[in-house]
Amino acid sequence: MEIIVQETAEQASMLAARLIAKTISDKPDAVLGLPTGSTPLPLYKELIRIHKEENLDFSSVTSFNLDEYLGLGPEHPQSYHHFMYENLFNHINIPAENINIPDGLTENVPSFCNGYEQKIKDKGGIDIQLLGIGSDGHIGFNEPSSSLTSRTRIKTLTPNTIKDNARFFENESAVPRHVITMGLGTVMESRECILLAFGEAKAEAVRQSVEGPLCAMVPASVLQMHNRSRFFIDAEAASKLEKVEYYNWVFSNKPAWQQFEK
Ligand code: GLP
């Protein structure tokens with residue numbers, strides 16, 4: 001696990017965007033796992049800029065989104081479909097047929113979820129899984145107590161997450177109760193994980209995920225078991241970490257061949 005602390009969300013996002021751009025340049029048919037939320041927005045903006053100004057080519061890239069609200073169709077302004085097209089897909093050259101997002105209107109949830117897992121396998125697995133984190137430590141919509149080996153499935157949101165996400169809806173009661181989310185086991189099979197966390201509201205979840213015990217009550221702590229996971233966080237999100245000086249020491253003493261180059 002590597003903890004990379006940057007002063008601002010902007011700086012952390014730029015670094016993470018570089019890594020993703022490099023993955024795509026090295027492997028044009030890379031498979032990306034993508035999150036929604038306010039956290040990845042600066043990173044998506046930067047990827048769009050790199051695409052437009054430096055010709056980063058998404059034409060062979062495949063994407064799998066982490067989650068979707070059940071009951072919301074792709075046209076719904078709060079659906080994650082809508083979010084992804086608005087904030088990324090409409091601005092890059094990824095072909096529509098390479099975009100995968102859980103279907104919030106599926107009539108057969110278990111069968112859809114099995115099919116989603118199969119599709120990830122058929123594509124050869126996820127190369128880079130990008131993640132945000134909920135204030136309760138959830139990743140995707142794997143709420144506290146999610147099995148650490150869970151697969152894509154239906155979940156019921158906690159009242160805490162409903163409250164956190166109500167800001168995007170008219171009111172709290174408009175937030176769907178159920179979602180489809182990739183499981184923690186699904187995320188763990190990706191070759192590399194990049195978790196972004198910004199702001200003080202995420203500091204406690206980051207502390208528990210990085211320095212607390214691995215446990216289902218803090219879903220992001222499962223990344224302690226991943227052999228290639230990195231947290232890109234800003235100073236506020238790092239404010240509760242006990243060993244932050246050590247993480248900074250490691251980052252500033254990386255051997256040249258391990259530095260993030262283009
Ligand atoms: C939702 C998403 C998560 C995301 C989280 C945090 O619950 N399902 O993938 O990480 O929100 O959102 P934000 O980045 O807006 O804080």
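For ligands, and for the atoms within them, numbers begin at 1 and follow the listed sequence.
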Asker: Would you mind listing which atoms of ligand 1 come within a distance below 4.0 Å of any non-hydrogen atom of Gly37?
Answerer: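 Per the distance check, 14 (O), 15 (O).
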Asker: Which residue and atom name correspond to the protein heavy atom nearest atom 4 (C) of ligand 1, and how close is it?
Answerer: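 Among all protein heavy atoms, the one nearest atom 4 (C) of ligand 1 is Thr36 O, 4.0 Å.
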Asker: Evaluating non-hydrogen atoms only, which member of Gly199, Ala205, Gly140 is closest to atom 3 (C) of ligand 1?
Answerer: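 Shortest heavy-atom distance from atom 3 (C) of ligand 1: Gly140.
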Asker: May I ask you to decide whether Glu200 forms a salt bridge with Lys240, counting only side-chain N to carboxylate O separations under 4.0 Å?
Answerer: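 Salt bridge absent between Glu200 and Lys240.
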Asker: Do the charged groups of Glu143 and Arg177 touch, with an N to O distance under 4.0 Å?
Answerer: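 Result for this pair is no, no salt bridge flagged.
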Asker: Hey, are Ser59 and Asp57 close enough side-chain-wise for a donor-acceptor pair under 3.5 Å?
Answerer: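 Distance-only check passes for Asp57 and Ser59.
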Asker: Answer side chain, backbone, both or neither: which part of Tyr80 comes under 4.0 Å from ligand 1, heavy atoms only.
Answerer: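 Answer for Tyr80: side chain.
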Asker: Could you list the donor-acceptor pairs under 3.5 angstrom formed by side chains in residues 115-122, with sequence neighbours left out?
Answerer:
| from | atom 1 | to | atom 2 | distance (Å) |
| --- | --- | --- | --- | --- |
| Tyr116 | OH | Asn65 | N | 3.1 |
| Tyr116 | OH | Asn65 | O | 2.7 |
| Tyr116 | OH | Asn100 | O | 3.1 |
| Glu117 | OE1 | Arg151 | NE | 3.2 |
| Glu117 | OE1 | Arg151 | NH2 | 2.8 |
| Glu117 | OE2 | Thr152 | N | 2.8 |
| Glu117 | OE2 | Thr152 | OG1 | 2.7 |
| Glu117 | OE2 | Thr186 | OG1 | 2.7 |
| Gln118 | NE2 | Asp122 | OD1 | 2.9 |
| Lys119 | NZ | Asn100 | OD1 | 2.8 |

Asker: What atoms of ligand 1 come closer than 4.0 angstrom to any heavy atom of Ile133?
Answerer: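 Per the distance check, 6 (C), 10 (O).
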Asker: Of the backbone atoms (N, CA, C, O) and the side-chain heavy atoms from C-beta on, which set of Asp67 has a member under 4.0 Å from an atom of ligand 1: side chain, backbone, both, or neither?
Answerer: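 Contact part for Asp67 vs ligand 1: side chain (C-beta onward).
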Asker: Ignoring hydrogens and angles, tell me if any N or O in the side chain of Ser221 forms a donor-acceptor pair with the backbone of Val218 under 3.5 Å.
Answerer: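 Answer holds: yes.
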Asker: Using a 4.0 Å heavy-atom cut-off, say whether Glu68 meets ligand 1 through its side chain, its backbone, both or neither.
Answerer: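 The answer is neither; Glu68 stays 4.0 Å or more away.
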Asker: Closer than 4.0 angstrom, basic N to acidic O: yes or no for Glu192 and Arg230?
Answerer: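 Salt bridge flag = yes for Arg230 with Glu192.
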Asker: Could you pull out all residues at least two apart from Asp127 that satisfy salt bridge (charged side-chain N to carboxylate O under 4.0 Å, His left out)?
Answerer: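 Expected list: Lys27, Arg191.
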Asker: Before we go on, tell me: are the rings of Phe169 and Tyr69 under 6.0 Å apart, centre to centre?
Answerer: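 Phe169 vs Tyr69: aromatic centres under 6.0 Å.
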Asker: Looking at Gly132, which atoms of ligand 1 are within less than 4.0 Å of one of its heavy atoms?
Answerer: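 Within the 4.0 Å cut-off of Gly132, ligand 1 contributes 10 (O).
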Asker: As an exercise, state the distance from NE2 of His178 to CG of Leu157, rounded to the nearest 0.5 Å.
Answerer: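 Output value for this atom pair is 8.0 Å.
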Asker: Under 4.0 Å from a heavy atom of His138: give me the atoms of ligand 1 that qualify, with their elements.
Answerer: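 Here the atoms of ligand 1 in question are 1 (C), 5 (C), 7 (O).
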Asker: Using a 4.0 Å cutoff against the non-hydrogen atoms of Asn165, which atoms of ligand 1 qualify?
Answerer: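 The atoms of ligand 1 under 4.0 Å from a heavy atom of Asn165 are 1 (C), 7 (O).
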Asker: Can you tell me which portion of Ile139 lies within the under-4.0 Å heavy-atom range of ligand 1? Options are side chain, backbone, both, or neither.
Answerer: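 Neither; nothing of Ile139 gets under 4.0 Å from ligand 1.
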Asker: Among Lys202, Glu143, Lys155, whose heavy atom sits nearest atom 16 (O) of ligand 1?
Answerer: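 Among Lys202, Glu143, Lys155, the closest heavy atom to atom 16 (O) of ligand 1 belongs to Lys202.
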Asker: Among all protein heavy atoms, pick out the one at the shortest distance from atom 14 (O) of ligand 1; state its residue, atom name and that distance to 0.1 Å.
Answerer: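 Answer, as residue, atom name and distance: Thr39 OG1, 2.5 Å.
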